[in-house]
Amino acid sequence: MPPHRYTPALAQSIELAWQDRWEGEGTFHTPNPTGALSEGFERVADRPKAFVMDMFPYPSGAGLHVGHPLGYLGTDVTSRFLRMDGHNVLHPMGYDAFGLPAEQYAVQTGQHPRVTTEANIEAIAAQLRRLGVDHDIRRTFATIDPGYYKWTQWIFTRLFEAWFDPDADGGRGQARPITELVAELDAGTRQSAPGTLPEGRVWAELSEVERRQVVDAHRLAYRHEAPVNWCPGLGTVLSNEEVTADGRSERGNFPVFRRPLTQWMMRITAYAERLLSDLDRLDWSDSLKQMQRNWIGRSTGARIAFPVGPESVEVFTTRPDTLFGATYLVLAPEHPLVEALAAADWPDGVDPRWTGGAATPAEAVAAYQRQASRRSELDRQAEGREKTGVWLGATAVNPLTGRDLPVFIADYVLTGYGTGAIMAVPGEDTRDWEFAQAFGLPVVRTVQPPAAFDGGAYTGSGPMINSSNDQLSLDGLDKAGAIATVTEWLVAHGHGEATTTYKLRDWLFSRQRYWGEPFPIVYDSDDLPIAVPESMLPVLLPEVDDYSPKTFADDDDTSLPEPPLSRATEWVTVTLDLGDGPKTYRRETNTMPNWAGSCWYYLRYLDPADDERFVDPALERYWMGPRSAGDTGGVDLYVGGVEHAVLHLLYARFWHKVLFDLGYVSSEEPFRRLVNQGYISAFAYTDARRFYVPAAEVVERDGQFFHDGEPVNREYGKIGKSLKNMVTPDEMIEAFGADTFRVYEMSTGPLEQSRPWETKAVVGSQRLLQRVWRVVVDEETGQPRVADTEPDAGTSRALNRAIEAVRDGMGTLRFNIAIARITELTNHLTQAFGPGTAVPRSVAEPLVLLLAPLAPHVAEEMWSRLDHPDSVAWAQFPVAEQRWLVDDTVEVAVQVNGKVRAQVSVPADADAAALEAAARADERITGYLDGATVRRVVVVPGRLVNFVLG
RNA sequence: GCGGGAGUGGUGUAACGGCAGCCACGCCAGACUUAGGAUCUGGUGCCUUCGGGCGUGCGGGUUCGAAUCCCGCCUCCCGCACCA
């Protein structure tokens, strides 16, 4: 074998050497325009900035498999390309390190979570370094660093010290400091939000404590008692986003129960409209935007009040047009008016289906409420959609028909959505139809179904029928017209109003776990919360003897949360001087959810060591600020998994908008462009007993698969230990080198696309790098085999076409295209400049530059051997010369009736007439045209000629 | 059920409405070799009577021309799911 062949061993020694040099020289240090990291900024001052980021990893301890680096490599290639193409590029990395998995792993191993977490971080950092990524490691931090979570706590205090003014910013709504609310309440220029004042009281006459309670109820971070998701198996409560559709925890898959508890909430619902409408301004995939839209769940309709005796029940409906068809009302079992509305006795002759077998309405209600509260979401699912409920013994009145409407409670109406009460229209709603069938309730159709329709509820469109009284007629109108007409009537007569509701709920923010940010909150002698002042931050997580949370049997729904910090009694009770002398306070013992740390980490990369503020505003403007009027600003490219569609990405957008409203950031959105990288899966194999066998040991013969000579069955799935198809980057780097691994991962498809892993195909990428190496370096001497000769025209064309296509592939994250064009160029050079023929330097150098973002180590080595002392990372990326992108002559297809029958070679600038003449001159074409009538000739210069025969 | 996305060789994929399958894996053949899981060269959609014919999930449509645009199906993937 030649002594200087690009073998895995040579690749590895090149890679390790360059990784050391990059670190030693600070090659990837990104200068800030100002402040501590501004050294060297003058070098890049005239460059446009580019902020490229990955969703930072959670250091789990399970180790990386070959799927994990895909996104990291995608941003790395992009970042390196942009740097070479003249940008000041910021490509940082950090670690999301608080949270349940680290804590649970620590519980298993008996180690403090910090110890295991830091070991895991170190392992991932080493793997990332070995991949050759160009992170500016001076900016790396973990969310568990006190210097970081100090500012997470500080941002929490900003949310605590703010309220949402729905009238601000021209009715769009905006966060404002809470002190301004107090001032307006004191001045009498503002009424407190509905439901926040004690019944029948006014602000001016409240006691100091009562006033504080009213103010607390307005805060963006507030305490609230409500049914929450209690997960005994984890010993903590969870947010809606952390509970799966079948009522289990996303982490750990434990059952979740609804229990009323007092918890910290974040008023994300105040931002529902802005979170929804600003999606239109973001460069995100349609599917991701749609997921957020669905989660926010905006629907427009009307609130309608139905009198029930002395009370009034308000319902929300998106179909006020069907009001003439409303034949009963249903309240959620937990609706606050249920007890007040329940009648004392059943009337004579009550339908037995309506009573639940109880002697009185009150008993029926109590029994049904108990049953509903005990049922977990999972049980409801398991029972299917059979409708249950009981009658309250009360009736409402339909404001349009005057008809009596029996009022039921049923668990198919949810407390949390709309008003927790509905008007039931069995003619046009499937759920109401099912309930009406089960309870023998009348059906009135108000939308004319098609003649052939013979189903139950008709949910399609059609003209209104049966919808008139002496004041109003909707008959014959379409849906939109009927909604407008009836809403106008309801408003005019005081029965209701047009309104919008959202599925989005406020974000449950407290967790009863140890391994999270402590709340920067203390309680005074009135048991009311006070924010810890900035000067006393961070509130450090105390050392405790037992950091594991108290967990319970998975299904123990009677258990109550018990935060581990509550057992740190010396920490909980604290004496502080908050401005009125030293007093004793009690610390909040909940911790924040692990989403808190990832809500703002992108900002901290900009100014990682700042102890005076969470980020220097000048740095935020430089890296994140809007570029033009109407631009949201934000990170220029954010790459990560789609699993964060409604968790991290919604929470981070919410915090960012609050920071924007309060004037701390200039950008309106955190992530201007977002791409979800695909997943890498792999084949797995099962033997006759259906057990998985190690995939690496399976051989293929004639389309069949064998393990130890026995036939096995091929499956496809997630890479991991359980399917015995684990492949790690370390193995691949060991066998091929990091550059080959990088090129292979990038060559298998566009970044967004999921793809299978195929180890045997990696050799193709290795061959490519070997061919490039052989084009540039003499395998016998190790010297460059270039000369200052002029390339021929064909080579120049091949080079410039490759440059053009590689640039396009880099910009659109289709690195597979870039690699295919580099391969073509390399193959051309291999053929054109065989052994003994020097390669023109003006071609070899651009080839190395094109390859540099994808295979940076071998590119550095070749660049160096081509006598360039400086890193290729800062070399100028090639720009195509236009004159080589157009051919002198082109091959044009000649079609007859749309079928290609010949090729003719013509000058590239031949006009339509010349092209047609050339086509007619081809003897195969004359054969077709002889004796036929040419009805039409379509000529597209440079592309084709099509003769349409009659 | 609702919403979103995708269906192209044995495989991963590529094609401004204009020559379908670039590039790679695999496979076949050859060269160089003591040897090859190295390297290089050539071939490789299917059928074929060697003229050609057929081919982008299925069926229609628009167009001189459709993988691409439109309509209706089918299949797969993802998200949501008693949200009024």
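Computation of the quantities below employed the complete heavy-atom set of this structure, encompassing side-chain atoms and omitting hydrogens, waters and symmetry-equivalent molecules. We name chains A, B, ... by the order of the sequence lines, and we start the count at 1 in each one. Please read all numbers here as calculations on a predicted model, not as lab measurements.
To the nearest whole angstrom, the two P atoms, one in B/rC46 and one in B/rU34, are 37 Å apart. Comparing the C1' positions of B/rC40 and B/rC32 gives an interatomic distance of 8 Å, to the nearest angstrom. Across the P atoms, B/rG7 and B/rU68 are found 10 Å apart, a figure rounded to whole Å. Nucleotides B/rC71 and B/rC22 place their P atoms 32 Å apart, quoted to the nearest Å. The same atom, P, is picked in B/rU56 and in B/rG61; the two are 16 Å apart, to the nearest Å. The same atom, C1', is picked in B/rA24 and in B/rG79; the two are 33 Å apart, to the nearest Å. For B/rC74 and B/rU41, the C1' atoms lie 45 Å apart once the distance is rounded to whole Å. Rounded to whole Å, the C1' atom of B/rA67 lies 14 Å from the corresponding atom of B/rC19.
Looking at the side chain of A/Thr823, the nearest of the listed nucleotides B/rC82, B/rC19, B/rA24 is B/rA24. In this structure, the nucleotide among B/rA84, B/rG65, B/rC82 sitting nearest to the side chain of A/Asn946 is B/rG65.
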Base-pair map of RNA chain B as dot-bracket, where | denotes pairing with a different strand and pairs are Watson-Crick or G-U under 3.5 Å: (((((((..(((.....[....)))((((((.......))))))(((....)))..(((((..]....))))))))))))....
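Taken from CG in A/Asn294 to OG in A/Ser287, the straight-line distance is 11.0 Å, to the nearest 0.5 Å. Rounded to the nearest 0.5 Å, atoms CZ (A/Arg771) and CG (A/Asn827) are 4.5 Å apart.
By the 4.0 Å N-to-carboxylate-O rule, A/Asp286 lies too far from A/Arg293 to be salt-bridged with it. A salt bridge links A/Glu273 with A/Arg298: the closest approach of a Lys/Arg side-chain nitrogen to an acidic carboxylate oxygen falls below 4.0 angstrom.
One cannot find a donor-acceptor pair under 3.5 Å joining the base of B/rC80 and the side-chain atoms of A/Asn294.
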Sugar-phosphate or base contact per nucleotide [nucleotides 39-48 of chain B; S, B, -; heavy atom under 4.0 Å]: SSSS------
Nucleotide-resolved protein contact map, nucleotides 7-17 of chain B, B/S/- at heavy-atom distance under 4.0 Å: -----SSSSB-
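In this pair, A/Phe435 and A/Phe439 present their aromatic rings parallel. The plane angle is below 30°, not in the 30 to 60° band.
Syn is the conformation of B/rG51, whose glycosidic angle sits no further than 90° from 0.
The residue among A/Leu944 and A/Val762 whose nearest nucleotide of RNA chain B lies closer to the 5′ end is A/Leu944. For the pair A/Arg319 and A/Glu824, nearest-nucleotide mapping onto RNA chain B gives the more 5' position to A/Glu824.
Residue A/Arg801 is classed as having no contact, given no heavy-atom separation below 4.0 Å to the nucleic acid. Using a 4.0 Å heavy-atom distance criterion, A/Val938 is classed as a base contact. Contact annotation for A/Lys760: backbone-only contact, meaning every heavy-atom pair under 4.0 Å involves sugar-phosphate atoms and none involves a base.
A cation-pi arrangement is found for A/Arg714 relative to A/Phe683, the charged atom lying closer than 6.0 Å to the ring centre and inside a 45° cone about the ring normal.
Counted within 6.0 Å of NZ on A/Lys289, heavy atoms from surrounding residues, nucleotides or ligands total more than 12; the atom is thus considered enclosed.
Residue A/Ser299 places at least one side-chain N or O closer than 4.0 Å to OP1 or OP2 of B/rA84.
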